Amino acid sequence: EAEVAQSPRYKITEKSQAVAFWCDPISGHATLYWYRQILGQGPELLVQFQDESVVDDSQLPKDRFSAERLKGVDSTLKIQPAELGDSAMYLCASRDRRDSTGELFFGEGSRLTVL
Amino acid sequence: AQSVSQHNHHVILSEAASLELGCNYSYGGTVNLFWYVQYPGQHLQLLLKYFSGDPLVKGIKGFEAEFIKSKFSFNLRKPSVQWSDTAEYFCAVRLMDSSYKLIFGSGTRLLVRP
């Protein structure tokens with residue numbers, strides 16, 4: 001069964017350092033999402049891509065976060081500099097825009113700890 | 001602002017007990033509704049969804065949910081839980097406006113005791 005791949009699974013960094021997360025969606029899925037899940041809360045959308053274009057980044061803290069999907073396939077989410085409050089699980093999800101059910105398929109996430 | 005509320009943050013049940021998890025949303029327009037589950041150490045996966053039609057929808061593993069439009073609710077139920085249902089459950093609402101945004105609730109952590 002096709003899956004959304006994310007790496008790294010775990011990342012520990014010190015504040016003010018740069019971190020990057022990678023996501024490879026299910027093949028053929030044009031829509032890609034990055035969510036952040038803080039402990040005890042539900043996932044919060046950071047950015048949504050349709051192919052290589054950003055559709056929604058209204059909740060992305062653009063002073064320190066950036067996301068790209070240059071060729072419309074895999075995507076990278078970067079944080080620079082990391083802050084203590086960035087400690088969370090970063091989830092990537094993808095969706096086939098032709099699928100009327102609208103189901104999102106999630107990766108296993110990248111857990112970030114900022115010291 | 002649109003929001004999704006799950007009032008039960010932690011639920012503990014014994015095997016064979018019945019389960020009902022509440023989910024309410026605040027949005028006056030058309031929505032699609034989802035329940036996702038996250039088993040320990042695994043990724044989020046879809047349990048069931050409602051788009052239109054019969055407000056009682058059935059999902060995987062014996063779960064069902066009922067959409068009550070007048071109450072803006074989409075509660076999840078299971079008549080008899082198993083130890084393997086121990087997981088975190090998330091209600092999610094997709095706004096059927098130009099944003100097509102999917103908004104999650106804060107989740108309910110279910111522990112089923114054998």
Side-chain angles (χ1 to χ4, degrees), chain A residues 1-10 21 23-26 29-51 53-60 88-111, chain B residues 1-10 21-26 30-53 57-60 74 76 87-110:
Chain A
E1 180 178 324
E3 294 185 343
V4 176
Q6 289 190 248
S7 67
R9 289 289 308 279
Y10 304 93
F21 304 110
C23 172
D24 191 13
I26 292 173
H29 282 196
T31 310
L32 183 148
Y33 307 81
W34 282 102
Y35 281 86
R36 176 172 62 184
Q37 187 177 11
I38 295 170
L39 193 64
Q41 300 181 20
E44 172 195 24
L45 180 66
L46 291 176
V47 61
Q48 177 182 343
F49 288 91
Q50 187 65 37
D51 299 307
S53 301
V54 173
V55 173
D56 183 353
D57 64 356
S58 57
Q59 301 301 311
L60 188 71
M89 178 75 86
Y90 290 84
L91 299 169
C92 181
S94 69
R95 181 174 68 88
D96 183 349
R97 63 182 166 187
R98 299 165 297 180
D99 179 3
S100 62
T101 70
E103 179 178 354
L104 269 63
F105 293 84
F106 285 86
E108 294 187 331
S110 295
R111 184 172 294 282
Chain B
Q2 302 90 0
S3 64
V4 180
S5 298
Q6 293 182 244
H7 304 293
N8 311 103
H9 297 294
H10 293 89
L21 301 182
C23 173
N24 289 89
Y25 64 93
S26 61
T30 303
V31 295
N32 292 160
L33 299 159
F34 304 82
W35 275 96
Y36 279 84
V37 60
Q38 188 168 26
Y39 297 103
Q42 297 186 27
H43 55 85
L44 279 163
Q45 52 189 289
L46 184 68
L47 254 186
L48 48 77
K49 59 186 180 287
Y50 171 80
F51 279 23
S52 63
V57 293
K58 295 188 184 301
I60 60 172
F74 190 55
L76 181 70
E88 190 156 17
Y89 294 81
F90 294 92
C91 180
V93 174
R94 180 190 306 288
L95 310 182
M96 300 305 290
D97 58 11
S98 58
S99 74
Y100 215 60
K101 184 175 292 187
L102 186 66
I103 302 172
F104 283 86
S106 57
T108 297
R109 194 176 294 271
L110 172 66

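Every chain is numbered from 1 and lettered A, B, ... according to where its sequence line falls, protein lines coming before strand lines. Just so you know, these numbers come straight off a predicted model, no measurement behind them.
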| field | Exceeds 12 heavy-atom contacts within 6.0 angstrom, atom CZ of A:Arg98 | value |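 No - once you tally the heavy atoms of other residues, nucleotides and ligands closer than 6.0 Å, there are 12 at most.
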| query | Run the side-chain contact (heavy atoms from CB on, under 4.5 Å) check on A:Val54 and A:Phe49 step by step: do they pass? | reply | CA-CA 4 Å; A:Val54 173; A:Phe49 288 91; 3.5 Å; yes
If I measure from the heavy atoms of chain B, does [X] come under 4.5 Å with its side chain, its backbone, both, or neither?
X: A:Ile38; result: neither
X: A:Arg111; result: neither
X: A:Gln41; result: backbone
X: A:Glu44; result: neither

| request: Check the angle between the aromatic planes of B:Phe74 and B:Tyr50 and answer parallel, tilted or perpendicular using the 30° and 60° thresholds. | output: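 B:Phe74 and B:Tyr50: tilted rings.
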| request: For the pair A:Phe21 and A:Tyr90, name the ring-plane relationship: parallel under 30°, tilted 30 to 60°, perpendicular over 60°. | output: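 Judged by the thresholds at 30° and 60°, the geometry between A:Phe21 and A:Tyr90 is parallel.
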| query | Using non-hydrogen atoms only, which part of B:Leu102 is less than 4.5 Å away from chain A: side chain, backbone, both, or neither? | reply |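 Interface part for B:Leu102: both.
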| Side chain, backbone, both or neither of B:Gln38 within contact of chain A (heavy atoms, under 4.5 Å) |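 Just the side chain, heavy atoms under 4.5 Å.
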| task | Examine distances only and state if a side-chain atom of A:Ser110 and a backbone atom of A:Pro8 form a donor-acceptor pair shorter than 3.5 Å. | result |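 At least one qualifying donor-acceptor pair exists.
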| said: As an exercise: rank A:Glu108, A:Met89, A:Glu103 by heavy-atom pairs under 4.5 Å with chain B and give me the winner. | reply: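 Of the options given, most contacts go to A:Glu103.
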| task | Just do the side-chain contact (heavy atoms from CB on, under 4.5 Å) check on A:Gln6 and A:Trp34 with the steps written out, would you? | result | CA-CA 11 Å; A:Gln6 289 190 248; A:Trp34 282 102; 3.7 Å; yes
